[in-house]
Amino acid sequence: MQRIKPPRALIIVVLSFYFLHFAQGQNSEFYQKLTQADKLLNEGQIQEAILVLSNLKNQGIQNEDLSRLLGKAYYWSKDFPKTKEFFKQEISSNPEFLELQLDYARIRYEFQEWEAAEQLLEALYPKLPKHPEINQKLAEINYWTGGSKEKSLEFLERILSEYPNNPSAGQLKEEIISQTAPLLSIQSGYYSDSQPLRYGIIGGKFSGYQSSKLQPFIRIENRFYAENQRISLLELGNKLAFPSSKTTLILTGGLVQNSRFNELDFTYEASLEQGLGKGFFAGAALGKEAYLYTLASLEEVISPKLAQISLERKSENSWMGKFQANQRTFESDNKLQMLSLWVLIPIIKSQSVKFYLGYSGTLADTDSVRFETVSMPSPPIRPSFGELIPGLIVLILLRSINPFLER
């Protein structure tokens, strides 16, 4: 019986079909294990997931989904040195795994390792120039590390040109524009109290923005009192902002001059503000200030040390308020403590009209209250008839009675 050899083309087709079916079976099994590992991760069985994924990796399989999931498992295990080592090796061996590189950039971003995150994102940028997340993170890192605002705005414009309603890009753009705009404010007024302490005031403040760490400002103020007395204040300072941690540090130094004497008084202050979320901010300040709130402070230099803490809520659409406690320590070691609170609640909110109802109160206490005798001019020797001079009438009566007592 003669054997019939099948055509060569048919053999190739059969073998191709077999290997294709075998590959599909292997591929199906591979993704089943990936799904299993992902399920283990979500159930919190991290080490079990790492074992499944490592076995697949040891088979020599080069797959971006596998690398990303194993990198995620190492990250969730909180073995951060192992996480970094794994990503570096995988990216070096598979430079075409762009999503894996982005995952690693996200991790370095979460660690606030800005330089490393920026390098990874800049390497990805030429390959994915319109990727919203890459542009957003590059804009944020540049802004937070004190780069030029123009560079950050350029990244954000690339997002907004494609997605005009992107909320994160829009909010960051608005923040950068408002926080970096130069500010000029002018103040004038007239103040009076029951001492009486009356004075007019005129002054101004100018601040500029160079970077998040360099925001210099200058404040000038002149106070005009009776009898041509004038007090001038000059302050120079710098604001250092750390937007990523919502921290602000302001350093200030100043000079105060009273026209009645040539002595200059030096003032200084360091204030720290920390954002707590939901509009709340905690603050603290230490320094030395010029005390200009009493008549005595016009006659001599009074410069108490200041220590202050505060808790404030800032909001445009909800209630706002501030609680503050401070202590001033004078040169005589006398201490003045003050507590203050104010709250504003919006009653009417519209684009054109806003009406707030609020409360404010202050409590003050001091170690001691001291008065100094002020010398008065001598009374006339011959007062007019009916004139009352306190303290003098007693002296006159004693002199008139004395001769009778001697007899």
Side-chain angles (χ1 to χ4, degrees), residues 187 189-205 217-239 248-274 281-312 321-342 360-377:
Q187 177 189 12
Y190 180 77
Y191 299 83
S192 174
D193 62 22
S194 58
Q195 291 188 60
L197 179 64
R198 300 185 179 92
Y199 62 92
I201 183 173
I202 183 169
K205 180 178 179 180
F217 62 86
I218 179 172
R219 185 172 79 92
I220 300 174
E221 183 177 294
N222 279 291
R223 299 186 178 196
F224 301 93
Y225 299 83
E227 300 178 359
N228 296 323
Q229 184 180 9
R230 178 176 56 84
I231 294 180
S232 301
L233 300 91
L234 171 65
E235 282 186 353
L236 297 173
N238 184 54
K239 176 180 177 182
T248 301
L249 175 65
I250 299 177
L251 302 174
T252 307
L255 292 172
V256 182
Q257 183 183 38
N258 192 323
S259 61
R260 287 191 179 177
F261 40 88
N262 294 324
E263 184 179 356
L264 287 174
D265 187 30
F266 176 67
T267 63
Y268 56 86
E269 183 177 300
S271 62
L272 180 69
E273 183 181 78
Q274 177 62 54
F281 294 84
L286 291 172
K288 177 185 145 186
E289 66 174 4
Y291 195 82
L292 302 171
Y293 306 113
T294 63
L295 290 173
S297 66
L298 305 182
E299 304 299 327
E300 61 178 315
V301 176
I302 299 178
S303 304
K305 301 290 179 61
L306 174 69
Q308 180 174 283
I309 58 172
S310 63
L311 179 64
E312 184 175 6
K322 185 175 184 178
F323 170 77
Q324 182 172 284
N326 59 48
Q327 177 178 275
R328 291 179 173 88
T329 304
F330 295 84
E331 293 181 0
S332 58
D333 288 332
N334 191 23
K335 294 181 174 61
L336 172 64
Q337 297 92 18
M338 295 185 68
L339 297 176
S340 63
L341 171 71
W342 63 264
S360 67
T362 303
L363 293 175
D365 185 32
T366 185
D367 293 349
S368 62
V369 180
R370 306 170 189 176
F371 297 93
E372 294 183 5
T373 304
V374 179
S375 60
M376 300 294 292

Could you check whether any side-chain heavy atom of [X] comes within less than 4.5 Å of a side-chain heavy atom of [Y], counting everything from C-beta outward?
| X | Y | result |
| --- | --- | --- |
| T267 | L233 | no |
| N334 | D367 | yes |
| L298 | L197 | yes |
| L339 | F323 | yes |
| E221 | E235 | no |
| Q274 | L272 | no |

Q. Who are the ring pair (Phe, Tyr, Trp, His ring centres under 6.0 Å) partners of Y225, not counting sequence neighbours?
A.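 For Y225, the residues satisfying ring pair (Phe, Tyr, Trp, His ring centres under 6.0 Å) (neighbours in sequence not counted) are Y199.
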Q) Which atom names give the shortest non-hydrogen contact between T362 and S340, and what distance separates them? A)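 Looking at all heavy atoms of both residues, the closest pair is OG1-CB, 3.9 Å.
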Would you give the length of the straight line joining atom [atom1] of [X] to atom [atom2] of [Y], rounded to the nearest 0.5 angstrom?
| X | Y | atom1 | atom2 | answer |
| --- | --- | --- | --- | --- |
| I201 | I231 | CD1 | CD1 | 10.5 Å |
| L286 | L306 | CG | CG | 7.5 Å |
| S271 | K239 | OG | NZ | 10.0 Å |
| E300 | D265 | CD | CG | 11.5 Å |
| T366 | Q337 | OG1 | CD | 6.5 Å |

(Q) Closer than 4.0 angstrom, basic N to acidic O: yes or no for R328 and E289? (A)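 Judged by the 4.0 Å cut-off on N to carboxylate O distance, R328 and E289 do form a salt bridge.
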My understanding is that only residues two or more places apart in sequence, or in another chain, count here; which of them pass side-chain contact (heavy atoms from CB on, under 4.5 Å) with [X]?
| X | answer |
| --- | --- |
| L234 | I218, I220 |
| R198 | Y190, S192, P196 |
| Y293 | Y291 |
| E331 | none |

Q: Check the surroundings of atom CG in N228: do more than 12 heavy atoms from other residues, nucleotides or ligands lie under 6.0 Å from it?
A: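 Counting other residues, nucleotides and ligands, CG of N228 stays at 12 neighbours or fewer.
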Q: Applying side chain to side chain contact (heavy atoms under 4.5 Å, CB included), run through F217 and I250 and close with a yes or a no.
A: CA-CA 10 Å; F217 62 86; I250 299 177; 3.9 Å; yes
(Q) Going by the rule side chain to side chain donor-acceptor pair (under 3.5 Å), which residues pair with E273 if we only count those two or more places apart in sequence or in a different chain? (A)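 E273 satisfies side chain to side chain donor-acceptor pair (under 3.5 Å) with K314 only.
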Q: Indicate whether any N or O donor in one side chain lies under 3.5 Å from an N or O acceptor in the other, for Q229 and N258.
A: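 Their side chains do contain a donor-acceptor pair, which is all the 3.5 Å distance test asks for.
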Q: Please check if the side chain of K288 supplies one atom and the backbone of F266 the other of a donor-acceptor pair under 3.5 Å.
A: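 It does hold such a pair.
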